[in-house]
Amino acid sequence: MKRFDPKSYETKWQEQWLESKIYSAKDNKDLKKKYVLEFFPYPSGAAMHVGHVRNYAIGDVIARSSRMHGFNVLYPMGWDGFGLPAENYAIKNKLSPKVAIKQNTDKFKKQLNQMGFSYDWDREINSTDPDYYKWTQWFFLLLFKKGLAYQQESLQWWCPMDKTVLANEQVENGQCWRCGSVVEKKALKQWFFKITDYADRLLDDLEDLNWTDSIKNMQRNWIGKSKGAELDFLVENKDSFVRVFTTRADTIYGATYLVLAPEHPMVEELITDENRQKVKEYKKATEAKSDIERQETNREKTGVFTGSYAVNPATKEKIPVYISDYVLVGYGTGAIMAVPAHDQRDYDFAMQFNLSIKQVVEGDEKLEDHAIVAEGKMINSGKYDGLPSSEAREKIVADLEHNKTAKEVTNYRMRDWLISRQRYWGAPIPIIHCDDCGAVAVKEEDLPVLLPDMDNFEPSGDGRSPLANDQDFINTKCPKCGKDAKRETDTMDGFACSSWYFLRFADPKNNEKAFEKSLSDLWLPVDEYIGGAEHAVMHLLYARFWTKVMFDEGLINFKEPFTALRNQGMILAPDGNKMSKSKGNTIEPDELISNGYGADSIRILELFLGPWDQSVNWSTEGLSGTYKFLQRVWNITTKNLDAFKSKEMHADKEIEMLKNKLVMKVTKDIEKMSFNTAIAAMMQFVNEMYLIEAKGNFSKFSFAAALSDLLLVLAPFAPHITEELWHDIGNKESIHLQNWPKYDVKLTQSEKVKLVVQINGKLRDLIEAENNLTDEQIQQLAMNSEKVKPHLSGKTLKKVIVVKNKLVNFVV
RNA sequence: GGGCGAGUGGCGGAAUUGGUAUACGCGACAGACUUAAAAUCUGUUGACUGAAUAAGUCUUGAGGGUUCAAGUCCCUCCUCGCCCACCA
C-alpha cells in the first residue's frame with residue numbers, strides 16, 4: 001500500500017495536465033459554453049498568500065465541475081501588468097518594469113500551477129504586451145472618434161507621492177487609493193472619458209444583473225442620480241442671479257438664506273466692501289484645508305456672510321447670501337438655497353449663525369432640536385398650503401418655470417473618468433499634437449505606439465510624464481498635415497487595460513483585430529466573474545462603460561460584460577487582521593506545500609473554513625483537519641483496491657443509499673455555491689464508509705462504486721489526490737475529463753423513517769417507522785411509546801398534529 | 001447620517017426555509033495499537049441538576065409577539081463588520 005504523500009504525485013500531475021492541455025477551451029459554438037473568470041491579477045511583486053488562493057479556488061471548483069457537467073469551459077488567466085505598483089516595485093528594486101513584470105508573472109504563474117488550478121494557459125495574456133496594448137490604444141481611438149475621449153484643463157487630484165493625477169474613483173477619503181498619501185489639487189490639461197454620457201444606462205442596466213445588492217448599491221450610489229430643479233434667486237440691487245440646485249423645491253418658502261461654495265465664481269461679485277477682508281480670509285483658510293479635513297463630517301459649520309442679499313422668489317423676502325465649505329463647488333451649481341427647518345446641515349448652520357428657521361412642511365415630528373427631513377403637508381407656503389409636499393414640489397417648479405426662473409434638472413455625482421497618468425509604465429495615449437491640426441489620432445496602421453525603453457523613468461513631479469524626456473519618442477509628424485508635431489506623453493490609467501481584457505481571452509492571438517466578433521459572440525458575456533468587492537466602483541464600472549461603447553459600435557452583441565458577479569470573503573490572518581506584508585502576518589501556500597500538506601488540503605480548507613462569501617480567519621490547525629480527511633480518503637481507497645477488481649455484482653442497499661445521498665448533496669451544494677457543506681458531506685460519507693469497512697461483510701461491488709463516485713465529486717476540490725487514486729483504481733483517462741456522476745433520488749431515501757414525537761412541541765421520543773404510514777397509524781404508534789405514555793396519562797388530548805414521515809405533536 | 005451584512009458550544013461554522021438546534025471540522029478527554037511517544041483507528045464532548053451512557057430543566061445578542069411548533073416569521077432594542085458619506 002502506498003503511503004499518503006501529496007509531494008509524491010502533485011507536481012507530476014500538474015506537469016501532465018499542462019502537457020496534455022486537458023483544460024483547453026474549444027472554439028466550437030455547438031457546445032454549451034461557460035465562461036468562468038477571476039479578476040486578472042496585478043503582478044506587483046507581493047507574493048500570493050492564502051487569501052488570494054481562495055479567489056482562485058472558488059473559480060476552479062466552478063470551472064472543473066462545469067466541465068464535468070458537459071460544459072465547454074473557458075477559464076483563462078492573464079496579467080494586469082501596467083500601473084503604479086509594478087512601476088514602483090521596479091524602481092525600488094532597480095529593475096526595468098519589463099523585467100520586473102516578467103519575474104513577477106513567472107512567480108505568480110508557478111504559484112498558481114502548484115495549486116493545481118485548471119487554467120487554459122494557451123490563452124494567457126499580458127496587458128503590457130504590445131500585441132495587447134495595441135488594441136487598448138485602438139479602443140482609445142474609438143472613444144476619441146466617438147467624441148467620448150476629450151482633453152480639458154482643470155483642477156485635478158494629484159498624488160504627490162506617486163506624482164500623477166488620479167481619477168475620482170481612485171481617491172478614497174482624500175487619499176491616494178494606492179499609496180495612501182493625502183492628495184492635492186493641481187491644474188493640468190488631462191484626458192477624460194465621457195462616462196457621464198452613459199450614467200443612465202449604467203444605472204438602469206444594473207437591474208438585471210446577478211450581482212449582490214451591496215455592489216449594485218455602491219454603483220448606484222456612485223453614479224448618484226438625483227432629480228431636482230435649478231432655481232434662480234435674484235441678487236438684490238444687481239442684475240445677476242444665483243442659480244441653486246435643490247431636490248426639495250417644495251421647501252422654497254422655508255429658504256431663509258443662500259450658501260455658495262467658497263470657490264464659486266460669483267463670490268467675488270457678491271462681496272461688499274465691509275465684508276471683503278473676512279471673505280478673503282475664509283477662502284484662503286478653505287484652500288489650505290486638505291480634503292480630508294473638509295470631508296470630516298459632524299464638523300462645526302463655518303462660513304461668512306458676503307454682505308449681499310438675494311430675493312426668495314416665493315416669499316419675495318430679502319435673504320442673506322453666505323459662503324461655506326459645506327457646499328461643494330463640484331456638485332450641482334455649487335450653490336444652495338438653505339432650508340434650515342428641513343435640512344440638517346442647513347439647520348446646524350442656521351443655529352451657528354443665528355439665522356431664521358421657518359417650518360413649511362408639517363409631519364409627525366415637531367421642529368425642536370433638529371431638522372424635519374420627512375415629507376409631509378405644506379404649511380406657511382401661500383397657495384400651496386395643505387398640499388402633500390411631493391405634489392407641491394412639482395407645482396412650484398412648474399409655476400416658477402413659467403417665469404423662466406426654474407428648470408427641472410437631473411444631477412449625477414459621477415464625474416468623467418480622468419485617464420491620463422504622468423507615469424511611464426502604461427500604454428501611451430495614441431495622440432499626436434499638431435500646432436495646426438490640434439490633437440490628432442495616430443493612424444490605425446501605425447499602432448501600437450510603442451512604449452520606449454528608458455533608463456530613467458522615474459516621475460519628475462512637474463506634471464509631465466517621463467516620456468516627455470525622450471526626444472525620439474515625442475518628435476513625429478502630424479498624421480493629417482505631415483508637419484512636425486509632438487506625441488502625447490501621458491500614459492493611460494491601468495484601468496483602461498482591464499476594461500476589455502475579458503474580451504481578448506475569447507481571441508487572444510488575433511493580430512488583425514482586438515477580437516473576432518464570432519468568438520466574442522461565442523464566449524461572452526462572462527458567466528461567472530469572481531473577485532473581491534474592492535473594485536465595486538472602479539474596474540466594474542469602467543468595464544461596463546467600455547462594453548456599452550463597444551455594443552453601440554456594433555463590435556459585440558451584449559450590453560453587460562459580467563452576468564454573475566461573485567465577491568469572495570477575505571481570508572484574514574489567524575489574529576483577525578488583514579494579511580499584509582507590512583504586518584508580517586501573511587501565510588503563503590508555498591511553505592504549507594513544502595511542509596507536506598499539499599495543495600489539495602489547502603484548497604479544501606480555503607472553502608471549508610466558512611461560507612465562501614464571508615470573511616474568515618485562517619487556521620493552520622484546520623489544515624491538519626483537511627489533510628486528515630484526504631488521508632482517510634487515500635487510505636480507504638488504497639486499502640480496498642481489490643474491491644475495484646471484484647467480479648461480484650450484488651448491490652448493498654446501505655452503501656447505495658450513502659452514495660446517492662452524497663452525490664445528490666454535493667451536486668446541489670456546488671450549484672448553490674455552498675462549498676463548505678459539500679465538503680462536510682464528503683467527510684461524513686468517508687466516516688460512514690470507515691464504519692462499514694470495520695463491520696466487514698459488505699458488497700465490494702457497491703463499496704468500489706461508492707468510492708469511485710466520491711473521487712468524482714471530490715475532483716473539483718482536490719484535483720491531485722483524486723487523479724492519482726483514479727488511476728490507482730484502474731482508470732486510464734484523467735478524472736477531470738469524466739462525466740459528473742448521477743444520482744437517483746429514490747435511492748437516497750431509506751424504507752424506514754425516524755419520527756419525531758413531541759408533546760406540546762417538546763421532543764419526547766424518536767421512533768423508527770415504516771415509510772408513508774397514515775396519520776392514524778403514526779398517531780397510534782406514537783401513543784404506544786413508553787416514553788410518551790406517562791406524559792399523556794390523566795390528560796385530555798386537545799389536538800394532534802401529524803407531519804407525514806416526519807413528526808407527531810400531541811397538544812395536551 | 002445612508003446602504004449592505006452578521007450575532008448559534010471553548011473555537012470555525014451546520015440547520016432540508018416554520019418541524020430532532022449545535023451536522024462537519026478544530027480543540028479537549030478517554031480507549032485500542034506501541035517498550036514509549038508520534039501517527040493511525042474507536043468512542044465521549046452545549047450548560048445545569050443527577051452515580052447514571054435513568055430522568056429532567058435551560059439554551060441560537062436582549063425583550064416581547066404570532067404559532068400545535070420559532071435560530072428561522074413580526075415588533076422593539078443592543079452589539080459588531082464592511083462600503084459610502086456636508087452630493088443640497
Side-chain angles (χ1 to χ4, degrees), chain A residues 4 172-173 212-218 220-222 224-226 228 244-248 251 259 261 294-299 301 324-328 330-339 342-346 348-349 373 411-414 533-534 536-537 567 569-570 574 576 604-605 608-611 613-626 628-629 631-632 635 665 668 674 676-687 690-691 693-694 754-766 787 790 798-803 806-812:
Chain A
F4 175 57
E172 296 164 349
N173 284 326
T212 60
D213 287 338
S214 143
I215 298 274
K216 285 192 194 181
N217 279 331
M218 281 189 221
R220 286 189 191 113
N221 198 6
W222 187 262
K225 181 176 186 172
S226 81
V244 304
F245 174 71
T246 181
T247 54
R248 291 294 301 272
T251 62
V259 187
R294 263 192 86 169
Q295 283 169 9
E296 194 67 45
T297 47
N298 304 327
R299 224 177 74 225
K301 293 280 181 289
S324 171
D325 64 4
Y326 83 92
V327 175
L328 307 173
Y331 183 75
T333 60
I336 61 156
M337 64 172 204
V339 185
H342 303 290
D343 181 285
Q344 190 57 41
R345 292 153 303 184
D346 299 344
D348 295 342
F349 191 86
V373 185
N411 256 314
Y412 300 89
R413 302 172 70 166
M414 183 169 67
E534 68 273 13
V537 287
N567 302 112
M570 243 187 300
I604 289 192
L605 182 65
F608 180 63
L609 271 173
D613 53 354
Q614 246 166 254
S615 297
V616 279
N617 295 6
W618 177 261
S619 150
T620 301
E621 295 82 62
L623 189 57
S624 63
T626 54
K628 216 186 284 178
F629 160 61
Q631 185 172 43
R632 281 162 72 81
N635 287 343
K665 174 80 177 149
K668 288 189 172 171
S674 182
N676 54 336
T677 54
I679 293 164
M682 292 188 273
M683 288 173 167
Q684 198 165 0
F685 172 82
V686 171
N687 293 346
Y690 264 72
L691 294 181
E693 191 201 26
K754 262 190 196 162
L755 285 175
V756 174
V757 185
Q758 295 179 335
I759 290 154
N760 291 336
K762 220 167 241 178
L763 176 73
R764 293 299 171 184
D765 198 9
L766 285 170
K787 289 185 182 169
K798 285 188 198 141
K799 203 172 176 184
V800 181
I801 284 128
V802 180
V803 182
K806 205 167 254 173
L807 153 151
V808 192
N809 189 10
F810 296 105
V811 185
V812 292

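Chain letters run A, B, ... following the sequence lines, proteins first and then strands; every chain starts at 1. Treat the numbers as computed from the prediction; the structure is a model and nothing was measured.
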Next on the checklist: I need the CD-P distance between Q684(A) and C24(B), as an integer number of Å.
Outcome noted: 5 Å

Item to check | Partner residues of D765(A) under the side-chain contact (heavy atoms from CB on, under 4.5 Å) criterion, sequence neighbours left out | outcome: V757(A), I767(A), S785(A), K787(A), V788(A)

Next on the checklist: Whole angstroms only, please: what is the CZ-P distance between R413(A) and G3(B)?
Outcome noted: 14 Å

Checklist entry - What's the CG-P distance between L763(A) and U20(B), to the nearest Å? => result 9 Å

Item to check | Nearest-Å distance for atom pair CZ/P, residues F349(A) and A88(B) | outcome: 18 Å

Checklist entry - Contact class for G625(A) (heavy atom, under 4.0 Å): base, sugar-phosphate, or nothing? => result sugar-phosphate

Checklist entry - Could you write nucleotides 42-59 of chain B as a row of B, S and -, 5' to 3', where a protein heavy atom under 4.0 Å of any base atom gives B, of only sugar-phosphate atoms gives S, and otherwise -? => result SS-----------SSSS-

Checklist entry - Is the closest side-chain heavy-atom distance between N617(A) and P574(A) below 4.5 Å? => result no

Checklist entry - Taking only residues two or more places apart in sequence or in another chain, which ones pass side-chain contact (heavy atoms from CB on, under 4.5 Å) with M683(A)? => result F608(A), T626(A), F629(A), I679(A)

Checklist entry - Taking only N and O in the side chain of S226(A), is any of them less than 4.0 Å away from OP1 or OP2 of A88(B)? => result yes

Item to check | Stem list, RNA chain B (Watson-Crick or G-U pairing under 3.5 Å, at least 3 consecutive pairs) | outcome: B:1-7 with B:78-84, B:10-12 with B:24-26, B:27-32 with B:40-45, B:46-49 with B:55-58, B:61-65 with B:73-77

Checklist entry - With a non-hydrogen cut-off below 4.0 angstrom, is T626(A) in contact with a base, only sugar-phosphate, or nothing? => result nothing

Item to check | With R220(A) via side-chain contact (heavy atoms from CB on, under 4.5 Å) - residues at least two apart | outcome: L203(A), L206(A), E207(A), K216(A), N217(A)

Checklist outcome for this item: The side chain to side chain donor-acceptor pair (under 3.5 Å) partners of N676(A) (sequence neighbours excluded) come to none

Would you list the protein and nucleotides 68-70 of chain B atom pairs, both N or O, that sit under 3.5 Å from each other?
{"residue": "C68(B)", "atom": "OP1", "partner": "K799(A)", "partner atom": "NZ", "Å": "3.3"}
{"residue": "C68(B)", "atom": "O2'", "partner": "N809(A)", "partner atom": "ND2", "Å": "3.2"}
{"residue": "C68(B)", "atom": "O2", "partner": "N809(A)", "partner atom": "ND2", "Å": "2.6"}

Item to check | Below 4.0 Å: OP1/OP2 of A88(B) and any side-chain N or O of Y331(A) | outcome: yes

Item to check | With sequence neighbours excluded, residues passing ring-ring contact (aromatic ring centres under 6.0 Å, His included) with F4(A) | outcome: Y627(A), W634(A)

Item to check | Nearest-angstrom distance from the residue atom NZ of K216(A) to P of C82(B) | outcome: 24 Å

Checklist outcome for this item: Rounded to whole Å, the CZ-C1' distance (R220(A) to A85(B)) equals 18 Å

Item to check | Residue-phosphate contact under 4.0 Å: K628(A) side-chain N/O, C41(B) OP1/OP2 | outcome: no

Give each protein N/O atom lying under 3.5 Å from an N/O atom of nucleotides 6-12 of chain B, with the pair distance.
{"residue": "G12(B)", "atom": "O2'", "partner": "L609(A)", "partner atom": "O", "Å": "2.6"}

Next on the checklist: Using whole Å, what does the distance between atom P of nucleotide A14(B) and atom CE of M682(A) come to?
Outcome noted: 15 Å

Checklist entry - Taking only residues two or more places apart in sequence or in another chain, which ones pass salt bridge (charged side-chain N to carboxylate O under 4.0 Å, His left out) with E534(A)? => result none

Next on the checklist: Just to be sure I understand the rule, does N676(A) reach a base, reach only the sugar-phosphate, or reach nothing, if contact means heavy atoms closer than 4.0 Å?
Outcome noted: sugar-phosphate

Checklist entry - Taking the inter-plane angle between the rings of F349(A) and Y326(A) on a 0 to 90° scale, is it parallel (under 30°), tilted (30 to 60°) or perpendicular (over 60°)? => result tilted

Item to check | Set of residues satisfying salt bridge (charged side-chain N to carboxylate O under 4.0 Å, His left out) with respect to D348(A), sequence neighbours excluded | outcome: none

Item to check | Nearest-Å distance for atom pair CG/P, residues L605(A) and G13(B) | outcome: 12 Å

Next on the checklist: Under 4.0 Å, heavy atoms only, any strand: does S619(A) hit a base, just the sugar-phosphate, or nothing?
Outcome noted: nothing

Item to check | Under the side-chain contact (heavy atoms from CB on, under 4.5 Å) test, residues paired with V756(A) that sit two or more places apart | outcome: Q758(A), L763(A), L766(A), L807(A)

